[in-house]
Amino acid sequence: MSTMVATKPPSLPARVVTRSIGKKFLMALTGVISFGFILGHMAGNLLIFVGPDAINEYGQKLVDLGPALWVIRAALLISFVAHIWLGIQLNAENSAARPINYRKKAYAKASWVSRTMIWSGLVVLAFVAYHLAHFTFHAIDPAYAGMYDAQGRKDIYTMLLTGFANPIVSVFYIIAVGLLAGHLSHGVASMFQSLGLTTLRMRTLFDRAALLFAVIVFLGFGSIPVAVLTGLVK
Amino acid sequence: MSITVEPRTAPRSTPGTGVPDDKIPSGPLEQRWEKHKGQMKLVAPANRRRYSLIVVGSGLAGASAAASLAEMGYGVRCFCYQDSARRAHSIAAQGGINAAKNYQNDGDSVYRLFYDTIKGGDFRSREANVYRLAEVSTAIIDQCVAQGVPFAREYGGHLSNRSFGGAQVSRTFYARGQTGQQLLLGAYSALARQIGLGNVDMHPRTEMLDLVVVDGHAKGIITRDLVTGKVERWAGDAVILATGGYGNTFYLSTNAKGCNVTAAYRAYKRGALFANPCFTQIHPTCIPVSGDYQSKLTLMSESLRNDGRIWVPKKHGDTRPAHQIPEDERDYYLERKYPSFGNLAPRDIASRSAKEVCDEGRGVGPGGLGVYLDFADSINRLGEKTIADRYGNLFQMYERITGEDPYRQPMRIFPAVHYTMGGLWVDYNLMSNIPGLHVLGEANFSDHGANRLGASALMQGLADGYFVIPYTIGDYLAREGKSEVTTDHDAFREVESQTTERVDKLLSVNGRRSVDDFHRELGKVMWDYCGMGRTREGLTKALERIPELRDDFWNDVRVLGANEEYNTSLEKAGRVADFLEFGELMCRDALEREESCGGHFREEYQTEEGEAMRNDKDFTHVAAWRFQGDGIIPTREVEQLHFEFVELATRSYK
Amino acid sequence: MHLTLHVWRQKNGDDSGGFVTYDAPDVSEHMSFLEMLDVVNEQLITDGIDPIAFDHDCREGICGTCSMVINGSPHGPERATTTCQLHMRHFKDGDEIWIEPWRAKAFPVIKDLVVDRSSFDRVVQAGGFVSVNTGGAPDANALPIPKAAADEAMDAAACIGCGACVAACKNASAMLFVAAKVSHLASLPQGQVEREQRVWRMVVQMDEEKFGACTNQFECEAACPKEISVSHIAKMNREFGRSVRRVG
């Protein structure tokens with residue numbers, strides 16, 4: 001039997017990070033940051049449909065940010081790591097709260113994606129690692145390191161064409177983006193709920209908005225390898 | 001009812017030494033409580049923590065008392081058999097709570113609530129107690145609102161009221177159909193606060209099995225931990241029983257399955273007087289029994305009778321479905337017998353009439369124990385939508401339980417035991433004849449006479465707990481001083497060993513029949529002979545049958561398992577063993593009250609039209625029974641009721 | 001109808017427990033689920049077998065005592081229904097029924113299907129009240145409360161504390177239970193004074209009791225016999241947000 005807890009509250013940051021709801025706040029906030037990045041990244045990538053110049057120019061602008069880019073990258077990294085770390089921690093705590101599972105469990109409304117957030121998250125993490133190695137660190141194909149266009153900008157356009165020309169890479173990419181979209185469909189709706197923005201009236205709207213975002217993300221990212229493979233973009 | 005034995009007379013009880021002083025103050029009715037409060041002795045705030053109080057039960061009365069006393073500074077121990085204090089059976093009350101607030105400006109007053117309650121109780125309760133109840137009723141509502149009880153409100157933000165049976169004003173406060181739940185959660189939250197603060201030591205899943213009396217004073221209790229089986233002694237400066245009613249003597253009732261008489265009955269066996277045990281309330285609109293496996297009866301709000309017409313077929317044994325029975329072959333018996341009140345005749349009359357037609361073999365549904373409550377006319381007249389607006393949730397509940405759609409076919413209803421007005425005898429201070437033993441709520445007998453009005457049970461439980469016992473217990477404690485008795489006292493050892501012996505005995509019988517089997521049989525005897533209509537012959541027969549059944553029980557009951565574990569059969573066995581003794585007391589009381597009043601209808605005492613006939617000359621009194629030993633007829637003590645402020649009137653609903 | 005029951009039997013908290021299969025050969029469709037178990041128990045007693053222990057009391061859906069997971073759903077498959085109000089007509093001849101206790105670290109098994117829910121009581125003891133002593137309350141109508149606020153409070157206060165929300169949640173989270181109390185009192189003027197303290201203390205106690213966190217799947221809402229909305233959880237999250245800034 002647990003005893004009654006002491007009532008003296010710790011410092012504000014400690015009040016947040018030590019409590020289940022505080023952790024959910026942080027999950028939601030770090031999720032929002034990651035989500036913002038995903039939307040920005042997608043918008044940038046979609047420039048491929050405008051043409052080589054547009055997307056390479058976008059890449060150059062990011063490079064030109066200089067130290068600011070590193071600040072943004074650091075912020076993203078921290079929030080990404082925090083999101084993952086908290087996710088794993090919460091998942092472990094949540095599993096510990098149910099030491100024995102039901103022999104038979106009927107789900108009334110929990111969607112498949114909502115029940116597999118930890119797994120979709122971890123697969124997406126693996127994908128991001130591969131993705132960074134592929135396009136940022138050029139570890140998969142060192143040839144990328146030498147890809148510059150006529151204006152001396154990084155030739156993102158060619159990188160994408162080369163990368164997605166490999167059907168295996170494209171299929172893996174599409175699957176990963178699908179999982180990401182599923183993750184977001186639950187994650188974005190959860191963000192509203194966890195931050196206490198959901199009300200009885202707004203609930204359906206938020207749920208639909210989350211689903212819409214997920215579909216946009218899936219179609220947005222997924223369209224690129226499809227376009228490359230089908231020869232729509234050459 | 002068919003009685004095959006020759007009429008005979010059961011041995012009569014003898015009067016004993018009488019009841020102690022009721023401590024009712026003199027003077028004008030409306031000044032008595034104020035005056036009494038001013039004259040009672042007090043315990044100073046700093047001294048209160050030296051006193052340790054035992055509260056048994058955590059319903060409205062128990063939780064409100066435990067919380068209030070702890071707030072005052074007393075050390076409180078509270079016990080309940082449920083797994084949490086929040087689950088006591090007060091939670092099931094649906095309708096509401098009365099209070100003389102007169103918020104509706106419709107002429108209500110403390111006096112009017114007092115008078116309605118006295119009259120509703122058929123003039124078998126004490127004027128001063130009932131007046132005090134009406135007087136403190138207003139403070140209860142204030143207290144509950146302050147706790148955050150979400151009573152229904154009007155658009156202007158003020159509290160809403162509804163009217164209820166037996167009253168011509170709207171004085172009932174309610175929280176949807178869950179008033180009892182919300183009031184209990186209010187009291188529970190106050191109790192929880194005191195537990196959190198360390199002022200109340202709460203013991204859920206713990207049952208009181210006996211009372212310890214030392215030198216004539218209640219000094220403690222013996223309990224059994226229902227999880228581990230551990231039998232324990234608890235000493236205190238006073239013991240407060242708030243253990244509810246004994247409706248489950250009938251096996252089937254609207255009470256929760258765990259409700260029992262054990263605590264009160266054990267106190268009776270230790271010398272406490274048990275008053276008016278035969279006064280039970282039978283509610284007319286319950287869902288009928290569907291089979292032998294039936295474990296409990298479900299009440300449906302009486303409001304259904306506003307738009308439903310009650311009928312049975314005219315022909316005996318008519319098994320046609322309701323819609324095939326033509327209009328002229330139906331007997332709308334309430335409308336026929338009581339043309340002016342019709343289907344809205346009071347609870348006891350409606351219940352009794354249903355029993356009569358079923359006894360004649362005209363009942364409907366399985367076993368012929370049911371009558372129709374038909375909404376077809378109202379649906380034709382008002383439309384299905386109006387009926388759904390008024391009773392939608394009740395219709396839904398009915399369909400959930402019976403699988404029948406009351407919009408398409410008439411409901412079947414039957415009366416069921418609902419509340420017990422009798423209880424341990426208490427004086428004006430809510431103290432029993434055993435000094436130190438206080439009794440609150442349904443467990444005492446004090447306020448409802450022979451019949452309780454709707455929405456008054458919640459009022460009484462909270463009045464006793466919040467606004468009476470906190471004042472009156474101080475008087476006892478201040479006079480008595482700090483108790484020196486500890487659990488090492490011989491009396492504790494002796495009672496504990498008796499308790500353990502009894503548990504061992506239950507486990508050692510190892511017979512063939514289950515506890516429930518005995519309980520069902522007792523319930524049938526009680527229902528047949530001590531239910532809605534009682535006769536000398538029937539009661540005499542019951543008084544013969546119950547001891548036989550009790551003998552069978554102690555020779556043939558099967559209780560599996562051991563004491564040192566969570567053992568529901570053992571729990572039930574102890575309770576049923578007490579019901580098997582207590583049922584006899586109920587029958588004896590019913591036999592010797594030779595009149596019909598309120599919920600007690602003796603078929604010998606009725607007018608030519610079949611109405612209850614009170615005998616004010618001989619029975620304007622409380623019958624309080626004193627235990628004399630196992631197998632010995634208890635003595636019947638009499639407390640004369642004095643009506644100084646109201647005139648005794650006859651009820652008529654023709 | 002004839003049913004096959006697979007019932008979780010566990011002698012006590014130290015026992016590891018397991019499923020035992022029982023035959024229920026003669027079940028009437030009019031029985032409640034608990035009455036069906038009563039009949040099975042009567043037979044077990046006749047056979048000299050320890051009857052199945054399960055919690056129950058009022059048997060009319062309001063006390064919140066009954067608690068069992070039936071075929072994977074707390075209180076069984078019917079919406080807005082407690083086990084005691086679940087009737088056998090919702091099952092059919094030949095059905096196999098799996099019956100398990102609430103499963104949560106914070107609800108240790110006492111015996112068979114009976115669990116210890118005192119963790120709920122301790123959460124309320126930590127702050128689920130208005131600190132008002134008996135006596136001296138102002139007139140009940142002195143402070144008008146908008147009907148909408150009173151109704152919202154009542155929606156939340158309808159919670160019967162059965163724990164089905166915890167049983168349904170894959171994380172055994174008590175958020176819906178705690179939120180119902182937080183939301184009830186935060187909706188009313190009487191609850192304002194201790195608003196921040198209350199949610200903080202209750203959430204701390206909830207965590208200490210080792211309930212899981214919310215992953216917003218809303219199984220709790222689907223299982224709740226009183227259909228309490230998860231919008232109250234969002235409201236509790238809001239209240240918690242207020243409290244972490246102001247409490248202390």
Side-chain angles (χ1 to χ4, degrees), chain B residues 67-68 71 82-87 89 91-92 101 103 139 141-143 145-148 150-159 175-176 178 181-182 185 189-190 192-193 195-196 204 227 256-258 290-291 293-296 298 400-401 403 466 470 514 516 558 560-561 565-566 568-569, chain C residues 12 28-32 34-35 38-39 42 45-46 48 50-51 53 55-60 62-65 81 85 87 89 110-111 114 116-118 120-121 124-126 128-134 137-141 144-147 150 153-154 157-158 160-161 184-185 188 190-191:
Chain B
S68 303
E71 286 161 8
Q82 294 89 350
D83 75 320
S84 162
R86 66 179 291 150
R87 306 200 201 282
H89 192 56
I91 206 159
K101 278 285 196 187
Y103 282 159
I141 303 302
D142 300 340
Q143 183 64 32
V145 166
Q147 289 169 344
F151 283 121
R153 287 181 183 265
E154 308 290 352
Y155 281 99
H158 286 123
L159 290 159
R176 298 205 182 134
Q178 291 135 270
Q181 180 200 27
Q182 293 310 314
L185 293 182
S189 71
R193 175 172 160 245
I195 297 169
V227 176
K257 292 297 285 177
S290 68
Y293 48 80
Q294 188 92 23
S295 61
K296 128 115 204 171
T298 304
R400 193 196 294 273
I401 292 172
Y466 282 136
S514 71
D516 280 347
R558 168 174 282 198
L560 298 171
E565 61 174 338
Y566 185 83
T568 46
S569 303
Chain C
N12 52 50
S28 154
E29 56 164 23
H30 296 297
M31 289 175 176
S32 73
L34 297 185
E35 285 167 348
D38 287 343
V39 171
E42 286 281 290
I45 292 169
T46 307
D50 192 26
D55 257 333
H56 65 98
D57 204 17
C58 79
R59 297 205 178 191
E60 51 184 279
I62 193 73
C63 73
T65 311
T81 303
Q85 291 205 305
H87 279 68
R89 68 181 70 89
I110 289 174
K111 183 178 180 180
V114 178
D116 177 357
R117 286 170 286 193
S118 55
F120 267 12
D121 286 318
V124 176
Q125 286 156 22
F129 45 75
V130 175
S131 293
V132 52
N133 283 357
T134 303
D139 185 86
N141 259 351
I145 300 175
K147 189 173 187 313
M154 183 62 222
I160 58 174
H184 159 209
L185 293 175
L188 297 172
Q190 287 81 9

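Per chain, numbering begins at 1; letters A, B, ... match sequence-line order.
By the 4.5 Å heavy-atom criterion applied to side chains, B:Arg400 and C:Thr81 are counted as neighbours. Between B:Tyr293 and C:Glu42, the closest side-chain pair of non-hydrogen atoms is not below 4.5 Å. The shortest side-chain heavy-atom distance between C:Asp139 and B:Tyr103 falls under the 4.5 Å cut-off. By the 4.5 Å heavy-atom criterion applied to side chains, B:Ser569 and C:Ile45 are counted as neighbours. Two residues are said to be in side-chain contact when any heavy atoms from C-beta on lie closer than 4.5 Å; C:Thr134 and B:Gln143 meet this criterion.
Annotation: maximal heavy-atom pairing with chain B below 4.5 Å, among C:Ser32, C:Gly48, C:Ala53, occurs at C:Gly48. Here C:Arg117 is the residue among C:Gln85, C:Arg117, C:His184, C:His56 with the most heavy-atom pairs under 4.5 Å with chain B. The candidate from C:Thr46, C:Val39, C:Leu185 with the greatest count of non-hydrogen atom pairs under 4.5 Å with chain B is C:Thr46. Taking B:Arg87, B:Lys257, B:Lys296 one by one and counting their heavy-atom pairs under 4.5 Å with chain C, the maximum is reached by B:Arg87. When each of C:Ala150, C:Gly191, C:Ala157, C:Pro51 is scored by its heavy-atom pairs under 4.5 Å with chain B, the top score falls to C:Ala157. Annotation: maximal heavy-atom pairing with chain B below 4.5 Å, among C:Ile62, C:Val130, C:Leu34, occurs at C:Ile62. In terms of heavy-atom pairs under 4.5 angstrom with chain B, the leader among C:Asp121, C:Asn141, C:Asp55, C:Leu188 is C:Asn141.
Proximity to chain B (any heavy atom under 4.5 Å) is restricted, for C:Asp38, to the side chain, taken from C-beta onward. Looking at B:Ala139, neither its backbone nor its side chain comes within 4.5 Å of chain C, counting heavy atoms on both sides. At a 4.5 Å heavy-atom cutoff, the contact between C:Arg89 and chain B is made by side-chain atoms alone. For chain C, the nearby parts of B:His158 are the backbone and the side chain; heavy atoms of each come within less than 4.5 Å. Both the backbone and the side chain of C:Ile160 come within contact range of chain B, judged by heavy atoms closer than 4.5 Å. For B:Ser68, the parts lying near chain C are the backbone and the side chain together; criterion is any non-hydrogen pair under 4.5 Å. B:Leu560 touches chain C through its side chain: at least one heavy atom from C-beta onward sits under 4.5 Å away, while N, CA, C and O do not. Heavy atoms closer than 4.5 Å to chain C are found in both the backbone and the side chain of B:Ile401. Of the two parts of B:Gln178, only the side chain, counted from C-beta on, holds a non-hydrogen atom closer than 4.5 Å to a non-hydrogen atom of chain C.
Considering every non-hydrogen atom in both C:Ala140 and B:Ile141, the closest pair reads CB-CG2, 3.7 Å. For the pair B:Pro150 and C:Met154, the tightest heavy-atom approach, listed with the atom from each and the gap, is CG-SD, 3.8 Å.
C:Glu60 and B:Thr298 share no side-chain donor-acceptor pair at under 3.5 Å. Inspection of the C:Thr65 and B:Gln82 side chains reveals no N or O donor paired with an N or O acceptor under 3.5 Å.
Test C:Asp116, C:Ile110, C:Val114 against B:Val227 for side chain to side chain contact (heavy atoms under 4.5 Å, CB included) and you get one pass: C:Ile110.
Formation of a donor-acceptor pair under 3.5 Å by the C:Asp57 side chain with backbone atoms of B:Ala256 is not found in this model.
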- [ ] Please report the C-alpha distance between B:Arg193 and C:Val132 in whole Å, then the side-chain angles of each, then the deciding distance to 0.1 Å, and finally whether the side-chain contact (heavy atoms from CB on, under 4.5 Å) criterion is met.
- [x] CA-CA 10 Å; B:Arg193 175 172 160 245; C:Val132 52; 5.8 Å; no
